[in-house]
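Following: one structure in structure tokens, then a few remarks.
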There are 2 protein chains.
Amino acid sequence: MAVIRGLRRRRRAAAPVADDAARTRRPRRRIRLENDQRRAQLLALGIQAFSDRTYDDVSIDDIARAAGISKGLLYHYFPTKRDLYLAGLRTTADDLIATTTAAASPSLPPLERMRAGLDAYLDHVSHHARPFVALMRGGIGSDPEVVAVIEGVRATYVQRFLENAEGTPLAGMLMANRPLVRIAIRGWIGFVEAASLEWLTRKDVERTTLRDVLVDALLASLRIGAAGPSGPPRT
Amino acid sequence: MAVIRGLRRRRRAAAPVADDAARTRRPRRRIRLENDQRRAQLLALGIQAFSDRTYDDVSIDDIARAAGISKGLLYHYFPTKRDLYLAGLRTTADDLIATTTAAASPSLPPLERMRAGLDAYLDHVSHHARPFVALMRGGIGSDPEVVAVIEGVRATYVQRFLENAEGTPLAGMLMANRPLVRIAIRGWIGFVEAASLEWLTRKDVERTTLRDVLVDALLASLRIGAAGPSGPPRT
DNA sequence: AGTCTGTATTGACCGTCAGTCAATAGCAAA
DNA sequence: TTTGCTATTGACTGACGGTCAATACAGACT
């Protein structure tokens, strides 16, 4: 017992106003911004804050102070702390999808397209490591809306992938064993995320090598899912 | 603007003491428990609470009330809400590892052992779905200690796996291309987790089938990791 | 120049919650 | 019965998320 750790998590800044200054301070000139600009500013600050610190360790007052506005105004733009968090999460997720979608041009042959998409994915991920990790870890665990955003990204990829496969010789195989193919694809996405995280922490593998591993893993996963597992050795 | 949603998340119970009752109530007999029993009770209640609700939606007062004790006592056992949460997380993680370890008897041949371990894993996972999902989603995002617990589980499996492979013909291959094999194994664990989650939500595949898929995926991953990716077609 | 008007902005305020601490009551040994 | 240990209480605090009526800024229109 008597464990010492724990304590308050947040540190307060020292008392901000010297007693003399209180007299001097003028009503503090308001800076008026266009609706969209303010919103964008707050969103950016929010993403940054939630990437650096835990959800609980970020206080609305902090963000308001960083933006140089009052807390009330922040609540005018985002009715809830959770809303601010979610808006940031959605932006991050949308960025990721937009980047990869742009790179995976439909004019490319399927496999080539897959490679281009993965290249963009890994590139984006390594340039936005903090927000990406925050996204994947899901800042507020098990919150349904948070889960929805993350699952949304995955679902988008699954769908995009199936569209991509359409017309190729794979298509028939994929349709034949639906539930298992679903599992295989979801599993592969889990593979990609886990491998990316591992790759981000120790960067001891070329990006192109990792990309090729991921492609190979996808093909293997599909083969297993479509044909069914080999099963234990028949004795 | 003027979005209506948001609001307070927690509901309060109606005023607990009728004014008459205040007079009647005796000082409420204290129930004294042995240190270990109390701790176990609170731990169990904590796990349940955090499995059902979000971290933020669980209040210490709720748990104390459910246990029939004062908040102060709860803080005697767990110095912080986060500590209670972490203790529950660790228990859940330890359970998982203990179950799978027990099932994967070293006396079995490697592949057989792998199968037994995965069977136990899937079995455990489907019987403890709520806490498992809560564990995987990481209740407090990006909190270093929470991440440490989850990563700990994965690291344990990686290590246990490498030990298992020792002495088999695989061993040499695995050592040859370390970084890529690491990535392959971590990726495969991501595969297992994602596939399990998918399997839990729609249970449209036999457990044994899934187990065999996972085994096949493992072998494929290792092959790719050890031999290196096939790479883009050499033209 | 004035003054009007819509809206971006403020700051004081509230209820709740995590966390603290000195005082107290149950139990076992003497 | 008394003593001593410790499990237990409950009142208290500071901070934080969230609310709201009042206010000051900017551009439009005399």
Side-chain angles (χ1 to χ4, degrees), chain A residues 1-13 15-17 22 25-42 46 49 53-65 67-85 140, chain B residues 1-13 15-17 22 25-42 46 49 53-65 67-85 140:
Chain A
M1 34 214 64
V3 186
I4 307 294
R5 50 182 307 302
L7 323 163
R8 281 254 147 59
R9 304 271 286 299
R10 312 190 210 313
R11 341 240 150 268
R12 297 278 94 210
V17 228
R25 92 181 152 205
R26 48 198 173 215
R28 182 206 197 198
R29 168 127 186 121
R30 294 187 177 182
I31 298 170
R32 229 180 139 98
L33 252 62
E34 208 64 27
N35 195 303
D36 287 349
Q37 300 176 38
R38 244 304 103 83
R39 197 186 158 82
Q41 176 205 20
L42 295 177
R53 278 166 283 158
T54 308
Y55 181 80
D56 283 327
D57 277 343
V58 173
S59 92
I60 288 292
D61 295 87
D62 285 347
I63 296 183
R65 205 174 307 130
I69 63 169
S70 73
K71 178 159 65 166
L73 185 57
L74 180 42
Y75 274 96
H76 175 71
Y77 287 92
F78 299 93
T80 277
K81 181 183 181 184
R82 220 168 115 266
D83 280 283
L84 176 59
Y85 176 81
I140 318 174
Chain B
M1 357 248 93
V3 185
I4 308 294
R5 52 180 308 301
L7 323 163
R8 281 257 146 56
R9 304 269 286 298
R10 312 191 210 314
R11 342 242 149 266
R12 295 279 92 211
V17 229
R25 92 181 152 206
R26 47 190 176 222
R28 183 205 196 199
R29 168 128 185 121
R30 294 186 176 182
I31 298 169
R32 227 180 142 97
L33 251 63
E34 207 64 27
N35 195 303
D36 287 349
Q37 299 177 39
R38 247 297 110 82
R39 198 187 156 82
Q41 176 205 20
L42 295 177
R53 279 166 282 158
T54 309
Y55 181 79
D56 282 329
D57 277 342
V58 172
S59 91
I60 286 292
D61 294 87
D62 286 346
I63 296 183
R65 206 174 306 129
I69 63 170
S70 73
K71 177 158 66 167
L73 185 57
L74 181 42
Y75 273 96
H76 175 70
Y77 287 94
F78 299 93
T80 276
K81 183 184 180 184
R82 221 169 114 266
D83 280 282
L84 176 60
Y85 176 81
I140 318 174

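Here is how names work: the chains are called A, B, and so on, in the same order as the sequence lines, proteins then strands, and each is numbered from 1.
- Residues satisfying the salt bridge (charged side-chain N to carboxylate O under 4.0 Å, His left out) test with R38(A), not counting sequence neighbours, are none.
- Taking atom OH of Y75(A) as the reference point, atom C1' of dT7(C) lies 21 Å away to the nearest angstrom.
- Distance CG (D61(B)) to C1' (dG10(D)): 12 Å, rounded to an integer number of Å.
- Remark: C1' of dC17(C) and OH of Y55(B) are 12 Å apart, rounded to the nearest angstrom.
- Note that the OH atom of Y55(B) and the CZ atom of R53(B) stand 13.5 Å from one another [nearest 0.5 Å].
- The interatomic distance linking I60(A) (CD1) with dG18(D) (P) rounds to 7 Å, in whole Å.
- Two residues are said to be in side-chain contact when any heavy atoms from C-beta on lie closer than 4.5 Å; D56(A) and D56(B) meet this criterion.
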N/O-N/O pairs, protein side and nucleotides 4-6 of chain D side, under 3.5 Å:
unit_1 : atom_1 : unit_2 : atom_2 : d
dT6(D) : O2     : R32(B) : NH1    : 3.4
dT6(D) : O2     : R32(B) : NH2    : 2.9

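- Each of L73(A) and G72(B) has a nearest nucleotide on DNA chain C; the 5'-most of these lies closest to L73(A).
- Put simply, Y77(B) has a side-chain N or O that comes within less than 4.0 Å of OP1 or OP2 on dT8(D).
- At a threshold of 4.5 Å between non-hydrogen side-chain atoms, the residues I60(B) and Y75(B) count as touching.
- Rounded to whole Å, atom P of dA15(D) lies 19 Å from atom CG of D56(B).
- Comparing atom distances between the S59(B) side chain and each of dT8(D), dC17(C), dG17(D) picks out dC17(C) as nearest.
- No N or O donor and acceptor, one from the side chain of K71(A) and one from the base of dG11(C), sit under 3.5 Å apart.
- The two atoms that bring V58(B) and A49(B) nearest to each other are CG2-O, 3.6 Å, heavy atoms only.
- Straight-line distance from the CG atom of D57(A) to the P atom of dC16(D): 10 Å, rounded to whole Å.
- In this model, the phosphate group of dA18(C) is not approached by any side-chain N or O of R82(B) to a distance below 4.0 Å at OP1 or OP2.
- R65(A) places a side-chain heavy atom less than 4.5 Å from the side chain of D62(A).
- Put simply, OH on Y85(A) is 20 Å from P on dC16(D), counting in whole angstrom units.
- Legend: residues meeting side-chain contact (heavy atoms from CB on, under 4.5 Å) with A67(B), ordered by chain and number and at least two apart, are Q41(B), L42(B), L45(B), I69(B).
- Here the C1' atom of nucleotide dC17(C) and the CZ atom of R65(B) are 12 Å apart, to the nearest Å.
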